[in-house]
Asks: 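Okay, handing you the structure first.
Chain identifiers are assigned alphabetically (A, B, ...) following the order of the sequence lines, protein sequences preceding nucleic acid strands; residue numbering begins at 1 within each chain.
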Amino acid sequence: MIDFYINITLLSFLVLTAIAITRVRNLFSVVMLSGMYSLLTAAMFVMLDAVDVAFTEAAVGAGISTVLMLATMALVGEKEAAPKKRFSLLPITIVLITGLVVVYGTSDMPNFGDPAAAIHNHVADVYIAESGVKTGLPNIVTSVLASYRGYDTLGETTVIFTAAVAVMVLLGSLIHPKKREDEE
Amino acid sequence: MSSLGLYNYWVVVVLMMSGLYIVVAHGNLVKKLIGLNVFQASVFMMYISMGKVAGGTAPILDESIKVYSNPLPHVLILTGIVVGVATTAVGAALIVRIKRAYGTIEEYEIEKHEIEEEETNAAEGLTCF
Amino acid sequence: MIIDNFILLSILIPLVGSFLIALTGRWENVRESVTLITSCSLFGVVISAGSAVMAKEKITATLATIMPNITISFDVEPLGYLFACLASFLWIVTSIYSIGYMRGHHEKNQTRFYTCFALAIMGVMGLCFSSNLLTLFLFYEAITLCTYPLVTHSGTEEAKRAGRTYLGVLLATSMVFQLPAIIWTWVAAGTIDFTAGGVLNGHVSTGLGSILLLLFVFGVGKAALMPFHRWLPAAMVAPTPVSALLHAVAVVKAGVFSVLKIAIYIFGIDFLGLLEAHTWLIYAAGFTILIGSLVAMRQDNLKRRLAYSTISQLSYIVLGAMLATKAGILGGGMHMITHAFGKITLFFGAGAIMVASHKTEISQMKGIGRAMPWTLGAFLIGSLSIIGLPPFGGAWSKWFLCMGALDSGQLIMVAVLMISSILNVAYLIPIVVQGFFSELDVKEHHAHGEAPAFCVAAQVITAAGCLGLFLYPEPVYQLLKIIEM
Amino acid sequence: MNNQPIVRIGAKIMIPFIMLFALYVQFHGDFGPGGGFQAGVIFAASLILYAIIYDVEEARKIVHPWALNIFLGLGIILYAGTGIAGIFLGGNFLDYNVLAHDPVHGQHLGILLVELGVGITVTCAMTIIFFIFARQEH
Amino acid sequence: MLLSHLPALQVVLPLIAAPICLVLHHARLAWAWAMLISWSAFGIALSLLNRVLSEGVISYHIGKWAPPWGIEYRLDEASVFMLVLVTTIGVVVTTFAKESVEKEIVKEKIHLFYTCYLLCFAGLLGMSITGDVFNIFVFLEISSLSAYALISMSDDRRALTASFRYLVMGTVGATFYIIGVGLIYMATGSLNIADLAVKLPAVADTQTVRAALAFLIVGLSLKLALFPLHSWLPNAYAYAPSAVSAFIAATATKVAVYVMLRVIFTIFGVSYVFGTMNLGPAILSLAIMGMFAASAMAISQKNVKRLLAYSSIAQIGYIMLGISFATVTGLSGGIVHLFNHALIKCCLFMVMGCVFFRINSTDIKDMAGLGKRMPFTMAAFVIGGLSLIGVPSTVGFISKWYLMQAAFEAGSWVIAIMIPLSSLLAVVYIWRVVEVAYFSPSPDGETAIKEAPVSMQIPIWVMVAGIFYFGINAEFTLDVARRAAESLLGGIVL
């Protein structure tokens, strides 16, 4: 039962953080809050048995992303202007509809954690049953990531590569000695 | 744990909505980007929640364990997180450039600049025709 | 050899000609020689197949298969052949005329003019020999696009506006009415080939048939049936040879030719007669005939008056097709020829006056006949032919049209034809009369003589044609008679 | 932060340990949580830490930008190369079974190699991205 | 031996080529490298096309893991059609890019340009070839991220905001897609497309699957710029470097359409989407609204590239219109239009590249008298424009014919008339440009403008030749499209 309470607590904190992010207008606080959000998410992932994901989320979400956003903020300033537009119904509508559709979709799903759900009994069961024998690795996530779905991971690596190249494109490559950007 | 029912998913929905709301409603580009992160993170949580098996443990094989949580969502979300940070990096770089080009990162001010640019163009156009 | 590749040759010659014209544009004498040679050889090729057509030999050619079972293909049938002869012959005459006109008028961009002209003729040739609706549509659109630069030739704001109307009306009608009708026919009948007796009978109800007929007839915007006639007066900003050949002969006749062809080979006159819509269209044509003439009377600009006259005359042919009788088709086909000769003569006259005296308004043309007797003489002959008086070609076609109207019991239409003839007299003859008998307005303008020799020659030829068509209508009559309906 | 000796010395001590931890995560990923991606991020973190403490231009001297660029791509090439090696050894693309005599060994080797590829690319990518951001002027 | 692994090489080749291109660091060298790779990819695509047409579906198991456990490449007529399309455009645009990029992009960044270009290329190929819904997402992101970078490379500062807006909307779209994938994954436990098609019918009547369909369609609609989710597109196309506009306009949205086709027809099946859920009318009305609204907006544009971008949105409407009929004719019309429109838009954007190359602007007002000064370039514009309008003997006519035929067969002649009506709007916006270019006097006192370089002319005229060739002899494209449509409508590809 302790799991249950931890779970509830974490989720409540997540909601609070998310709402705080929408309200706060100091970007520095927002970035910090989003780092917190990532850490809470990571903790949540641990609760849900996704240790690899938790590790990654902690390293990326709370680490790299936060550092990156801080670096950005150092360059662009940290104050968000007060909303100039009148309160508009459109965003609320879009968000509500999206939320309702997700609720609609999830409410027909098997209960949370239900071992009989289709998701656990079609593809994943085979991974659990045979990956240890076929790859010799105890970490199923690693064997699925690198071998069964190794192609996805190749793509993922390429995505990171693309991001690095894109940043070079936008802000100038490291190779060139430091100088002011030539665009302006 | 089964008493939770679908509670987990619905909390995720709330997170998702707040993330999307930031993206749609806020004009500050940094905030938008963070909203995008929140939105994506909540989707990741939805996936991981789907992979949870009651009474299961992390999918690392061990003699003594019988029930494991579903590893596939974990794999997918690992990829998802990477994609997310990649997007954040590109977005942040774009914001830095936009700040330099326009002197602001508020959407409506940028729009104002662009409309002005368009109008000066149009004025030139009229003299030409 | 020539007969085998006759169709492709007759399309290729103007195409190659246009390329050569574009290439030799720098030397105007060479360029104009090329034009003349091209037009003469085209006419030669076309005429050489005459006996084969008379003997009902099957001449076909397929260029490409666009979509499964839909091809770009050609065959020769009498109606199309007749039109091809007409267009290729008048192209020679117009080429002669153009040389005089364009030089006399010091026009710019003459190379573009001759190139597009040749391309338009290519379009007409393709249209004449098309053996299915798609090919017809293809060349129909090609004509529209090739003549657009001719309409906007001068590049003035007025010309551009006219070009917009021209392109807008022609493309809009063809794309919004004609193309859907073609595809609907394809979906309903499974074929869009021109077939003797029609293809629609038995595949569509008379209700749908009526809708299709309306779509087709209004879709052929070049037939200038009201209310889709606006493009024709607008096109009058083009240089006069364009108005003469294209907007009195090639383009507009391409329109009515398409109507005739669709009526005969897609609907079939039997099925056509069953359709509700053919009566409506008869009235629409009658309406256009009368209103066109009435509007023509009110125009002071000579070319515009002639344009409205053309609108009115074109509806004779549409009327002939819609009567759904053999005599009607015969009259329509014949009117296509006789009106062409008559109207081209009139336009030549208008152009000649413009070159020689720079006058465009009828009210300025008092006494002009004394300075330009040849021009105005030819103009008179053209007018008489249009009115339908013997001994000129127009008399025959009006006769047959009246016969057709009587055959199908449309007495009102007989009356319309009569009234229209009177109106023709009213808007054409005063021009000649004031030209010959009023005093020349000397103080306004410098004295001028007859138009350039090239122009006069062309007018004489076409005026002689009007006479010839009355005396020897036999070939035309024979060709039209062997159309299988 | 050149005038903060405590931070500088602290960092100097920590950086090797962070790197060591990264290596542990890299190669222990087969058994416990971790793997190329996490290792790459941690390794990059050590370099980023160095750059924060000692300025980016200093860090650039240690990890040469050219090397970063080359290794950035090398990771992918290592990954895809392992896959292509599978083709040349008679399997499909990314088929590790054929890499060694025994399929399980092959899998082991293959996973090791591709994880290494991921690690290299991620390290370089993260480092590059941060360095570029850090040397922008206001 | 390599021959049987061509499906893998198709994507991996440009993927490996990108990092190599990054270190080449020399403008010409990078270009030559990209050229080599795109030609090789083109060759691979053709040989795959040949194999699929003669032997049927190819299934390639990556890592020899049998689907649904491993990732499968599944090549049927539809996917191979996309491969050929993307690689053709790739070859053409790479040829074109040489001079254009040298002019528009600073020298030190040219190798980065080609790196991104190859990545985008690889991403699009990966999306077309894969048989796994999650893998589609990964490659979607590769192509999108590189596209954001490519777009932002232009000199115009508006390209930056356009790119950012694209990034935000594209990411939201991709995340929606991921939510949809998650929901169907939850319902079936599978990610493999063919496997999903087998598994879904059993659970089709659940809210989860319905919600999944909604998310997938909305997410992909964002990506393919279906009206009214198009707002990222006009600026992105208008202010990107010319070569990028040509490439992305011809491929990116098209591949998204292809993924949409996969989702609708292969995964969910036509009877579910159009029968049970009855989405046909919704797609149809959005398509028609897009056709008219976007064309109308195109008319009021001052910048020709922006005009063409709006026209692209309208053309997406045509494609979706064909899909919404869910008949063989309609679908093959849509697929053929996909191909045809790619040819046309690629050609037109390249023409604008040439114009920009010489006069540094793509505003209509600056194009006065250009018909005389750049005769070949502008002739290509006219031909492309006519094809966009749908004049017979060009490719645009073929697709319009098929779409109208589909409309008549579906018994809705009102829609059939809508198609040419919206083409009339195309006449208006194309003719605005034509009139200025041909019938307005060129501004005086300006230095003489030369025709664009030959290396930029050749790809344009290759496209023009394609516009005519496939417009006069469409049997091949129609045949492939028809087979693709049949295989899509047949549910699971056998």
Side-chain angles (χ1 to χ4, degrees), chain A residues 46 50-60 63-64 67-72 74-77 131-139 141-143 145-151 153-154 156-168 170-181, chain D residues 25 28-38 40-42 44-45 48 52 56-57 60 64-66 68-69 72-73 75-76 79-80 82-83 93-94 96-97 103-105 107-108 110-115 117-118 120-122 124-138:
Chain A
V46 175
V51 277
D52 280 271
V53 184
F55 195 168
T56 315
E57 179 67 33
V60 171
I64 293 285
V67 170
L68 211 58
M69 292 315 288
L70 287 176
T72 311
L75 297 169
V76 300
S131 76
V133 187
K134 290 217 168 159
T135 65
L137 300 182
N139 188 347
V141 173
T142 303
S143 43
L145 184 86
S147 187
Y148 287 89
R149 297 187 69 89
Y151 189 59
T153 311
L154 174 60
E156 168 200 322
T157 316
T158 315
V159 168
I160 275 294
F161 174 81
T162 312
V165 176
V167 171
M168 287 184 215
L170 285 162
L171 299 177
S173 163
L174 269 185
I175 290 163
H176 306 294
K178 198 165 175 174
K179 63 172 183 196
R180 195 113 168 85
E181 278 302 302
Chain D
V25 171
H28 193 259
D30 308 353
F31 307 100
F37 185 76
Q38 294 90 333
V41 172
I42 294 169
I48 291 171
I52 290 177
V56 186
E57 294 308 309
R60 258 182 91 225
H64 195 272
W66 263 108
L68 278 178
N69 271 5
L72 177 70
I76 291 185
Y79 199 131
T82 312
F93 182 67
L94 287 178
Y96 311 139
N97 285 344
V104 175
H105 276 151
Q107 286 288 344
H108 219 120
I111 291 174
L112 195 77
L113 286 174
V114 300
E115 288 277 15
V118 175
I120 294 172
T121 296
V122 170
C124 298
M126 293 303 171
T127 314
I128 288 175
I129 291 172
F130 181 79
F131 280 15
I132 291 178
F133 268 90
R135 64 203 286 257
Q136 299 298 311
E137 284 179 18
H138 293 263

Asks: Can you say whether D:Ile42 sits under 4.5 Å from chain A via the side chain, the backbone, both, or neither, judging by heavy atoms?
Replies: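 Only the side chain of D:Ile42 comes within 4.5 Å of chain A.
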Asks: Is any side-chain heavy atom of D:Gln107 closer than 4.5 Å to one of A:Leu137?
Replies: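 Heavy-atom side-chain distance check fails, nothing below 4.5 Å.
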Asks: List the atom of D:Gly73, the atom of A:Phe161, and the distance in Å for their closest heavy-atom pair.
Replies: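 Heavy-atom minimum between the residues: CA-CE1, 4.0 Å.
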Asks: Under 4.5 Å heavy-atom distance to chain A, tell me which part of D:Val114 shows up: side chain, backbone, both or neither.
Replies: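 Contact with chain A involves the side chain of D:Val114 alone.
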Asks: Does A:Ile64 reach the side chain of D:Ile48, with side-chain heavy atoms less than 4.5 Å apart?
Replies: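 Yes, side chains in contact.
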Asks: Of the backbone (N, CA, C, O) and the side chain (C-beta and beyond), which part of A:Val53 lies under 4.5 Å from a heavy atom of chain D, both, or neither?
Replies: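 Neither part.
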Asks: Select, from D:Ile76, D:Thr121, D:Ile132, the one with the greatest count of heavy-atom pairs under 4.5 Å involving chain A.
Replies: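 Ranked by heavy-atom pairs under 4.5 Å with chain A, first place is D:Ile132.
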Asks: Can you list the steps and then say if D:Met126 with A:Ile160 is a side-chain contact (heavy atoms from CB on, under 4.5 Å)?
Replies: CA-CA 8 Å; D:Met126 293 303 171; A:Ile160 275 294; 3.7 Å; yes
Asks: Which heavy atom of A:Met168 sits nearest a heavy atom of D:Leu72, and at what distance?
Replies: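 Of all heavy-atom pairs spanning A:Met168 and D:Leu72, the closest is CE-CD2, 3.9 Å.
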Asks: Sort out for me which of A:Gly136, A:Gly77, A:Ala166, A:Gly150 touches chain D most, counting heavy-atom pairs under 4.5 Å.
Replies: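 Ranked by contacts with chain D, first place is A:Gly150.
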Asks: Does any backbone or side-chain atom of D:Ala45 lie under 4.5 Å from a heavy atom of chain A? Answer side chain, backbone, both or neither.
Replies: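 Nothing of D:Ala45, per the 4.5 Å heavy-atom cut-off to chain A.
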Asks: Measuring from D:Trp66:CH2 to A:Leu174:CG, what's the distance to the nearest 0.5 Å?
Replies: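 Spacing of CH2 (D:Trp66) from CG (A:Leu174) equals 12.0 Å.
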Asks: Select, from A:Ser173, A:Ala164, A:Ala71, the one with the greatest count of heavy-atom pairs under 4.5 Å involving chain D.
Replies: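 The candidate making the most pairs under 4.5 Å is A:Ala164.
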Asks: Using a cut-off of under 4.5 Å for heavy-atom pairs, which of A:Val165, A:Thr142, A:Leu68, A:Val60 has the most such pairs with chain D?
Replies: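 Option with the greatest count: A:Thr142.
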Asks: Within a strict 4.5 Å, meaning less than it, do heavy atoms of the D:Val25 and A:Phe55 side chains meet?
Replies: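 Counting from C-beta outward, D:Val25 and A:Phe55 do come under 4.5 Å.
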Asks: Counting only N and O atoms by type, is there a donor-acceptor contact under 3.5 Å from the side chain of D:Gln136 to the main-chain atoms of A:Leu171?
Replies: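 Yes; at least one donor-acceptor contact below 3.5 Å.
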Asks: Tell me, side chain or backbone of D:Phe131 under 4.5 Å from chain A's heavy atoms, or both, or neither?
Replies: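 Both the backbone and the side chain of D:Phe131 come within 4.5 Å of chain A.
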Asks: Given heavy-atom pairs under 4.5 angstrom as the criterion, report whether the side chain, backbone, both or neither of A:Val51 touches chain D.
Replies: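 Both parts, backbone and side chain.
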Asks: Heavy-atom pairs under 4.5 Å with chain D are the metric here; pick the option from A:Thr153, A:Val141, A:Val67 that has the most.
Replies: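 Of A:Thr153, A:Val141, A:Val67, A:Thr153 has the most heavy-atom pairs under 4.5 Å with chain D.
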Asks: Sort D:Val56 into side chain, backbone, both or neither according to what part of it lies under 4.5 angstrom from a heavy atom of chain A.
Replies: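 Nothing of D:Val56, per the 4.5 Å heavy-atom cut-off to chain A.
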Asks: Starting at OG1 of A:Thr135, measure out to NE2 of D:His105 and round the result to the nearest 0.5 Å.
Replies: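 Between A:Thr135 OG1 and D:His105 NE2, I get 12.0 Å after rounding to 0.5 Å.
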Asks: Given a strict heavy-atom distance threshold of 4.5 Å, which part of D:Phe133 is in contact with chain A: side chain, backbone, both, or neither?
Replies: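 Both backbone and side chain.
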Asks: Please find the pair of heavy atoms, one from A:Ser143 and one from D:Ile111, that lie closest to each other, and give the distance.
Replies: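 Closest approach of A:Ser143 to D:Ile111, heavy atoms only: CA-CD1, 4.2 Å.
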Asks: Indicate the atoms forming the closest heavy-atom contact of D:Val104 with A:Lys134, along with that distance.
Replies: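 Heavy-atom minimum between the residues: CG2-O, 3.8 Å.
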